[in-house]
Amino acid sequence: MPRHTLFVGGLSPKTRAVAVAHEFERFGKLVRCDIPTPGGRSKRFAFVEFIYERDAEEAFRAMQGCHIEGHSVTIEWANREPARGWRRDDIRRERERERRDRRGSRDSRSQRRKTRERERDKDRDREREKDKERDKDKEKDKDKDKDKEKDKEKDKERDKDKEKDKDKEKDKERERDRDRDRERDRDRDRDRDRDRDRDRDRDRDRDRDRDRTRDRSRDRKHPRSSSRDRHDGGNRDRTREWDDRDRDRDRERDNNERHRDREGHSHRDRDEEREREKEKEKEKEKEREKEKEKEKQKEKEK
């Protein structure tokens, strides 16, 4: 009997004829590769038939102790050919099935790729939406920061305005203190002038009283004749008239000096009032300019 057919034992129950043929085709062309499956169950052995005997012998030597799909197989020469009744799997049929499976696998792979691509697209869309939300959050944060900066600037301006108001109040208090000091100085000057006038009047009255007492004492010590008395009486009347005239003159002088002093004080008061009014007008103009600048800044911010 020519040695063309090999008996392959120890296969896995899930091993198919195509896998066995794939292992033995490298040694030569095959006629058939059959796995008996009576009742739909594999007997875990196969028959491999080569065209040429030398190819079968080479496979018999090389495949001793090899593994097919994880199972070690035993290879022997077949004593007889397999019966035709339980030959169900032909190589062509197996190859066709394999091709179909490959096509199905290709289709399944393509479907998997499509599903993967869809999932990737969905993930990309999600990431884009997340990026958009992050950008929106960043813009919101930027707007919040801008609002905070604006609030800080407004607070600074308010603090500056408060400080300016405080400075104005201090300046007004200083002006009030100055005005009080000026009024006190004026009152003091007036009191001094009054005291001086009183002292002058007293000194003049004293001098007059002294002169009269002297004249009286002279008349008592040195009595004169009637003619002389008459003459002296006329002289006394004249001296009295002169004294009265001198008194009137002194009084007029004093009154004129007082009037001049009062006019001088009144002129000073008027000049000081004018200066105060000018300073107030300058302050009002400064405040108007500041208000205009604030309005311009607000319009620029809007």
Rounded distance (nearest 0.5 Å) linking atom NZ of Lys280 with atom CD of Glu175: 8.0 Å
Once you round to the nearest 0.5 Å, how far does CZ of Arg128 lie from CD of Glu133? 14.5 Å
Would you give the length of the straight line joining atom CD of Glu293 to atom NZ of Lys296, rounded to the nearest 0.5 angstrom? 7.0 Å
At their closest point, which heavy atom of Ala17 faces which heavy atom of Cys33, and how far apart are they? CB-O, 3.5 Å
Can you tell me how far CD of Glu153 sits from NZ of Lys146, rounded to the nearest 0.5 angstrom? 12.5 Å
Within the side chain of Arg44, is there an N or O that forms a donor-acceptor pair under 3.5 Å with the backbone of Leu11? yes
Could you pull out the closest heavy-atom pair between Ala59 and Leu6, with the gap in Å? CB-CD1, 4.0 Å
Just checking Lys168: does its NZ atom have more than 12 heavy atoms from other residues, nucleotides or ligands closer to it than 6.0 angstrom? yes
Answer yes when Asp123 and Arg126 have at least one side-chain N-carboxylate O distance shorter than 4.0 Å, and no when they do not. yes
Under a 4.0 Å threshold between the charged nitrogen and the carboxylate oxygen, would Asp135 count as salt-bridged to Lys132? no
Heavy-atom nearest pair, Asp55 first then Phe50, reads CB-CD2, 3.9 Å
Gln64 and side-chain contact (heavy atoms from CB on, under 4.5 Å): which partner among Ile75, Val73, Thr74? Ile75
Can you confirm whether Arg54 sits close enough to Glu58 that some side-chain heavy atom of one is under 4.5 Å from a side-chain heavy atom of the other? no
If only side-chain N and O atoms count, and only distance matters, is there a donor-acceptor pair under 3.5 Å linking Ser12 with Glu69? no
Derivation and outcome, side chain to side chain contact (heavy atoms under 4.5 Å, CB included), residues Val8 and Glu23: CA-CA 11 Å; Val8 182; Glu23 294 291 334; over 6 Å; no
Evaluate salt bridge (Lys or Arg N to Asp or Glu O under 4.0 Å) for Arg174 paired with Asp171, printing each intermediate quantity in order. CA-CA 5 Å; Arg174 289 175 184 173; Asp171 294 331; 3.8 Å; yes
Go through Asp131 and Arg134 one step at a time and tell me if the salt bridge (Lys or Arg N to Asp or Glu O under 4.0 Å) criterion holds. CA-CA 5 Å; Asp131 293 332; Arg134 289 174 184 171; 3.7 Å; yes
Is it true that atom NE2 of His22 has more than 12 heavy atoms of other residues, nucleotides or ligands lying nearer than 6.0 Å? no
Mind checking the NZ-NZ spacing from Lys286 to Lys164? Nearest 0.5 Å is all I need. 11.5 Å
Give the ring-plane orientation class for Phe60 versus Trp77, where under 30° counts as parallel, over 60° as perpendicular and anything between as tilted. parallel
Calculate, to the nearest 0.5 Å, the distance between atoms CD1 and CZ belonging to Ile35 and Phe47 respectively. 11.0 Å
